[in-house]
Amino acid sequence: QVQLVESGGGWVQPGDSLRLSCLGSGSSYPLRTKAWFRQAPGKEREFVAAINWSGGETLYANSVKGRFTITRDNAKNTLYLQMNNLEPEDTAIYYCAARSTIIPTMAVSDYPYWGQGTRVTVAS
């Protein structure tokens with residue numbers, strides 16, 4: 001059974017940085033594409049960033065491009081999201097997601113595996 005466990009969330013002030021991690025386990029086959037999504041209170045879950053197996057292909061939502069960086073360490077089975085220059089609009093629960101196919105995509109419905117989420121609050 002695939003398990004994805006996020007960590008690293010917290011409360012920070014605008015302009016600060018955070019790094020989220022997502023540890024994967026239980027998969028008998030490679031989870032070639034991994035992604036981060038987020039869900040703010042009262043809003044739908046939205047795409048943040050995705051990365052392919054090698055790390056050579058990444059996708060970002062326009063709202064985070066230039067501020068967030070997605071990376072992965074396959075040896076450690078861990079996905080990361082470095083978030084810099086955080087804004088109050090980044091406040092949300094951040095979810096790690098994974099799929100076995102090779103092409104990173106932005107659709108929630110494309111990812112069958114999800115973590116339980118980690119909360120990020122950006123406020124003065």
Side-chain angles (χ1 to χ4, degrees):
Q1 182 179 355
V2 174
Q3 283 194 316
L4 301 172
V5 180
E6 302 94 335
S7 61
W11 179 88
V12 295
Q13 294 187 334
D16 285 352
S17 298
L18 269 180
R19 189 175 82 155
L20 305 183
S21 300
C22 172
L23 176 63
S25 64
S27 177
S28 58
Y29 47 84
L31 297 175
R32 294 182 178 87
T33 297
K34 292 188 174 180
W36 290 98
F37 289 79
R38 67 186 182 186
Q39 188 165 16
K43 295 188 176 180
E44 293 188 353
R45 193 168 298 189
E46 66 174 6
F47 172 78
V48 175
I51 189 169
N52 70 342
W53 176 258
S54 69
E57 183 177 355
T58 56
L59 291 175
Y60 292 96
N62 287 335
S63 59
V64 306
K65 203 172 291 185
R67 299 188 298 122
F68 291 11
T69 303
I70 187 171
T71 57
R72 64 190 295 169
D73 184 335
N74 292 330
K76 295 181 178 180
N77 222 351
T78 302
L79 176 72
Y80 302 100
L81 184 68
Q82 177 66 43
M83 305 186 294
N84 297 329
N85 194 21
L86 283 160
E87 303 170 351
E89 293 73 23
D90 297 316
T91 295
I93 298 174
Y94 283 71
Y95 297 91
C96 169
R99 58 186 294 199
S100 60
T101 50
I102 63 174
I103 299 175
T105 61
M106 299 182 178
V108 170
S109 59
D110 287 343
Y111 293 85
Y113 305 110
W114 292 85
Q116 83 289 348
T118 185
R119 185 179 299 274
V120 173
T121 303
V122 185
S124 300

Subject >> Common cluster, Met106/Tyr111, ILVMFWY with side-chain heavy-atom separation under 4.5 Å >> reply: yes
Original post:
Got a second to check how far Gln3's CD is from Asn77's CG, nearest 0.5 Å?
Top reply: 11.5 Å
Subject >> Atom pair CG (Leu81) and OG1 (Thr118), whose distance is rounded to the nearest 0.5 Å >> reply: 11.0 Å
**OP:** List for me each residue that meets side chain to side chain donor-acceptor pair (under 3.5 Å) alongside Thr105, sequence neighbours excluded, and say none if there are none.
**Re:** Arg99, Asp110
Original post:
Any idea which heavy atoms bring Ser100 and Arg32 closest together, and the distance?
Top reply: O-NH1, 3.1 Å
Subject >> Positive for side-chain hydrogen bond (donor to acceptor under 3.5 Å, both in side chains) with Tyr94, one of Gln39, Arg38, Glu6 >> reply: Arg38
Original post:
Looking at side-chain heavy atoms only, is the closest gap between Arg67 and Asp90 below 4.5 Å?
Top reply: yes
**OP:** Let me know which of Thr121, Thr91, Leu86 forms a side chain to side chain contact (heavy atoms under 4.5 Å, CB included) with Val12.
**Re:** Leu86
Original post:
Hey, does the side chain of Arg72 reach the backbone of Asn52 with a donor-acceptor pair shorter than 3.5 angstrom?
Top reply: yes
Original post:
Same hydrophobic cluster for Val120 and Tyr60, using side-chain heavy-atom links shorter than 4.5 Å among ILVMFWY?
Top reply: yes
Original post:
Cluster question for you: counting only ILVMFWY and a side-chain heavy-atom cut-off of under 4.5 Å, with indirect links fine, are Ile70 and Met83 together?
Top reply: yes
Original post:
Can you name the closest pair of heavy atoms from Ala123 and Trp11 and give their distance?
Top reply: O-CZ2, 3.2 Å
Original post:
Among the clusters formed by ILVMFWY side chains lying less than 4.5 Å apart, do Ile93 and Phe47 turn up in the same one?
Top reply: yes
Original post:
Atom OG1 in Thr58, atom CZ in Phe68: separation rounded to 0.5 Å?
Top reply: 14.5 Å
Subject >> Distance, nearest 0.5 Å, that separates OG1 of Thr101 from CH2 of Trp53 >> reply: 13.0 Å
**OP:** Please say which of Asp73, Leu23, Ile51, Leu4 ends up in a side chain to side chain contact (heavy atoms under 4.5 Å, CB included) with Leu79.
**Re:** Ile51
Original post:
Is a donor on one side and an acceptor on the other found under 3.5 Å between the side chain of Trp36 and the backbone of Tyr80?
Top reply: yes
**OP:** Sorted by first residue and then second, give each disulfide bond (SG atoms under 2.5 Å apart) pair with at least one member in residues 45-124; sequence neighbours left out.
**Re:** Cys22-Cys96
**OP:** Might you work through the side-chain contact (heavy atoms from CB on, under 4.5 Å) test for Ile102 and Glu57, ending with a clear yes or no?
**Re:** CA-CA 10 Å; Ile102 63 174; Glu57 183 177 355; over 6 Å; no
Subject >> Closest non-hydrogen atom pair, Ala50 against Pro104 >> reply: CB-CB, 3.8 Å
**OP:** For the residue pair Tyr95 and Val108, establish whether any side-chain heavy-atom pair is separated by less than 4.5 Å.
**Re:** no
Subject >> side chain to side chain donor-acceptor pair (under 3.5 Å) involving Tyr113 - partner list, sequence neighbours excluded >> reply: Tyr29
